[in-house]
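Here's the structure we're looking at; comments come further down.
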Amino acid sequence: MNKLVSKSEIMKLFHDNMTLMCGGFANRGNPGKLIDMVVESGAQNLSIISNDAGDPDLTIGRLIRSRQAKKLIASHVGMNPELGQAVLEGRMELELSPQGTLAERIRCGGTGMGGVLIKTGLGTVIEEGKQKIEVNGQSYLLELPLTAEIALVKAHKADALGNLVYKGTQRNFNPLVAMAGKTVIVEAEEIVPIGALDMDEIHTPGVFVSLVWNGEEE
Amino acid sequence: MTDIKEKIARKVAGFFKPGDVVNLGIGIPTMVGNYIEDGVWLHTENGLVGYGPAPEPGAESEYLTGAGAQFLTAYPGAAAFDSATSFAIVRGGHLTATVLGALEVDEKGNLANWSRPGVIVGMGGAMDLVNGAKDVIIAMEHTARGGKHKILESCSLPLTGVGVVTKIVTELCVIQVTGEGLVLQELSEGVTLDEVLEKTGARLIVSETLR
């Protein structure tokens, strides 16, 4: 099954009111060209799930500057004052999730689990509105799964089956996001022939991946 | 000023021994990395254990960066991983310590370091770190601008964690957080007990072995 697609085939998939999940961390390892494509698509009222809000003119920040994003679920937005401004002005909704919790919520969404019990945030604003569950005398917060209609992933290498390898610290949220989208689109730095990746080096098995793009214009 | 920060960073670095795995926050905590012994492993929450100092100009790699997007180097034996694994290390008790800055710390070891009024930043990994690391060391200047107390009876800003801080290191002293309260363990050279008491907004228990 060949999952390699062109830019125009991906462009058709973006529409108003969708939830997008994005790999990357502080503008590193983000699927930057796919995000550019979302900007180009003009899709409005987007809910975005991402570790951070990027810089105002980079990655996720571009969807905030273009006012396409109406909601962001993230752990850190300090690099993007425009996001803070949009929230203070009531133009955008922000849900903060501690970083490790965010990672587990995405993993939960991708692995078909109903939630995860985490201590992080106990006694802080993070526990507001959440169910507390006691296990063996210890309190935990029940943190709920996150999924998205489309997940955008950046990989170092991909084959036509969607098998992925990440590189260095660009891995970050990408393997988690790659499990949690109904449609998972990969922007790959390099497309390699099927069989070129050793089965033991594959970080994300192709079964999770819907489409692979080489990052090139038509 | 830089001198004060360097002094604090050097002091904290001295707590760690080869084999320890430590996560450093931004500001003074980052400077701790300049003074640690060889063999102390540094963890960065975006997914790496075993990073070293900034690379020489021209040797930067976009595949080797820190939580603040800054360029890093890696020691032989360094390992990269995804964000879930990174926080498995944090939450699972595999970090010897985290070193963080603070806006406020109080007598019960509560910490406020992620949110101040009117600024929207987010907690990043700070809440996970304070709940997961075995030692939570606060490295900061003793007071805020204008001499405002940072070590308090009770934090007023939104908390990062409850009862999580184990040690506070400032340019003036070292304070251990215990079940009984804040124990003043060590005064810096040339600093008097009176000065520390005056600049601290919390009750201090003076250790019998105060140095």
Side-chain angles (χ1 to χ4, degrees), chain A residues 23-29 51-55 58 72 74-81 83-88 94 96-108 110 118-127 156 166-178 189 203-204, chain B residues 26 44-49 51 61-72 74 78-93 108-116 118-132 155 157-164:
Chain A
F25 189 120
N27 305 316
R28 307 290 188 189
N51 174 59
D52 55 80
D55 273 28
L58 290 172
L72 177 68
S75 80
H76 196 273
V77 296
M79 288 158 66
N80 191 344
L83 179 276
Q85 197 56 34
V87 172
L88 290 172
L94 172 66
L96 288 171
S97 210
Q99 201 165 96
T101 298
L102 183 64
E104 283 303 322
R105 291 177 70 193
I106 294 170
R107 182 156 76 165
C108 247
I118 305 188
K119 281 183 179 295
T120 303
L122 277 172
T124 76
V125 293
I126 288 303
E127 73 171 42
H156 181 53
Y166 310 96
K167 187 166 176 176
T169 45
Q170 292 206 3
R171 195 182 322 182
N172 56 59
F173 278 78
N174 282 302
L176 308 168
V177 165
E189 290 178 332
H203 293 130
T204 294
Chain B
I26 54 167
T44 176
E45 56 268 37
N46 57 319
L48 184 72
V49 164
Y51 72 85
S61 162
E62 59 181 298
Y63 304 104
L64 192 44
T65 55
Q70 77 279 23
F71 292 109
L72 301 174
F81 33 77
D82 66 61
S83 296
T85 307
S86 187
F87 284 91
I89 291 170
V90 173
R91 259 189 266 95
K108 296 194 170 62
N110 298 328
L111 169 66
N113 77 347
W114 73 276
S115 175
R116 59 180 107 206
V119 189
I120 298 176
V121 173
M123 67 291 292
M127 286 189 179
D128 306 272
L129 285 162
V130 298
N131 279 284
C155 293
L157 292 169
L159 294 181
T160 311
V162 175
V164 291

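Below, chains carry the letters A, B, ... as their sequence lines are ordered, and counting in each starts from 1.
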- Item | Residues which pass ring pair (Phe, Tyr, Trp, His ring centres under 6.0 Å) with B/Phe87, listed by chain and number, not counting sequence neighbours |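 Partners of B/Phe87 under the ring pair (Phe, Tyr, Trp, His ring centres under 6.0 Å) test: none.
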- Message: Taking every non-hydrogen pair under 4.5 Å, which of A/Ser75, A/Pro81, A/Gly84 racks up the most with chain B?
- Response: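 So the answer, after comparing A/Ser75, A/Pro81, A/Gly84, is A/Ser75.
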- Message: For chain B, which candidate among A/Gly121, A/Gly168, A/Gly100, A/Ser97 shows the most heavy-atom pairs at distances under 4.5 Å?
- Response: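 Most pairs with chain B among the choices: A/Gly100.
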- Message: Go through it in stages, so that I can follow the logic: the residues are A/Asn51 and B/Ser83, the test is side chain to side chain contact (heavy atoms under 4.5 Å, CB included), and I'd like the CA-CA distance, side-chain angles, deciding distance and then a yes or no.
- Response: CA-CA 10 Å; A/Asn51 174 59; B/Ser83 296; over 6 Å; no
- Message: Among B/Asn131, B/Leu159, B/Asn46, which residue has the highest count of heavy-atom pairs closer than 4.5 Å to chain A?
- Response: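 Top option by heavy-atom pairs under 4.5 Å: B/Asn46.
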- Query: Among B/Ala74, B/Gly125, B/Gly47, B/Ala84, which residue forms the greatest number of heavy-atom pairs with chain A at distances under 4.5 Å?
  - Reply: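 Winner by heavy-atom pair count: B/Ala84.
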- Results of salt bridge (charged side-chain N to carboxylate O under 4.0 Å, His left out) for A/Arg28 - residues two or more places apart only: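 Checked A/Arg28 against salt bridge (charged side-chain N to carboxylate O under 4.0 Å, His left out); zero matches.
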With rounding to the nearest 0.5 Å, note down the distance linking [atom1] in [X] to [atom2] in [Y].
{"X": "A/Thr120", "Y": "B/Leu129", "atom1": "OG1", "atom2": "CG", "result": "9.0 Å"}
{"X": "B/Ser61", "Y": "A/Lys167", "atom1": "OG", "atom2": "NZ", "result": "6.5 Å"}
{"X": "A/Arg107", "Y": "B/Asp82", "atom1": "CZ", "atom2": "CG", "result": "7.5 Å"}
{"X": "B/Asp128", "Y": "A/Ile118", "atom1": "CG", "atom2": "CD1", "result": "7.5 Å"}
{"X": "B/Glu45", "Y": "A/Thr169", "atom1": "CD", "atom2": "OG1", "result": "12.0 Å"}

- Item | Audit row: B/Ile120, A/Val77, side chain to side chain contact (heavy atoms under 4.5 Å, CB included) steps and yes/no | CA-CA 7 Å; B/Ile120 298 176; A/Val77 296; 3.8 Å; yes
Residue part contacting chain B, namely of [X], when any heavy atom lies under 4.5 Å:
{"X": "A/Phe25", "result": "side chain"}
{"X": "A/Glu127", "result": "neither"}
{"X": "A/Leu176", "result": "side chain"}
{"X": "A/His203", "result": "neither"}
{"X": "A/Pro175", "result": "side chain"}
{"X": "A/Asn27", "result": "neither"}

- B/Ser86 versus chain A, heavy atoms under 4.5 Å apart: side chain, backbone, both or neither?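 For B/Ser86, no heavy atom lies under 4.5 Å from chain A.
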- Heavy-atom contact with chain A under 4.5 Å, split by part of B/Ala88: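 No part of it gets close to chain A.
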- A/Ile126 and B/Met123, any side-chain heavy atoms less than 4.5 Å apart: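 Side chain of B/Met123 against side chain of A/Ile126, heavy atoms only: contact under 4.5 Å found.
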- Query: What pair of heavy atoms forms the shortest contact from B/Ala80 to A/Arg171, and how long is it?
  - Reply: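 Closest heavy-atom pair between B/Ala80 and A/Arg171: O-NH2, 3.2 Å.
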- Task: Evaluate the criterion side chain to side chain contact (heavy atoms under 4.5 Å, CB included) for residue pair A/Val125 and B/Trp114; output intermediate values, then yes/no.
- Result: CA-CA 11 Å; A/Val125 293; B/Trp114 73 276; 3.5 Å; yes
- Are there more than 12 heavy atoms of other residues, nucleotides or ligands under 6.0 Å from atom CG of B/Leu157?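 Enclosed: over 12 neighbouring heavy atoms sit under 6.0 Å from CG of B/Leu157.
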- Task: Can you establish whether the number of heavy atoms outside A/Lys119 located under 6.0 Å from its atom NZ is more than 12?
- Result: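 More than 12 heavy atoms, drawn from other residues, nucleotides or ligands, come within 6.0 Å of this atom.
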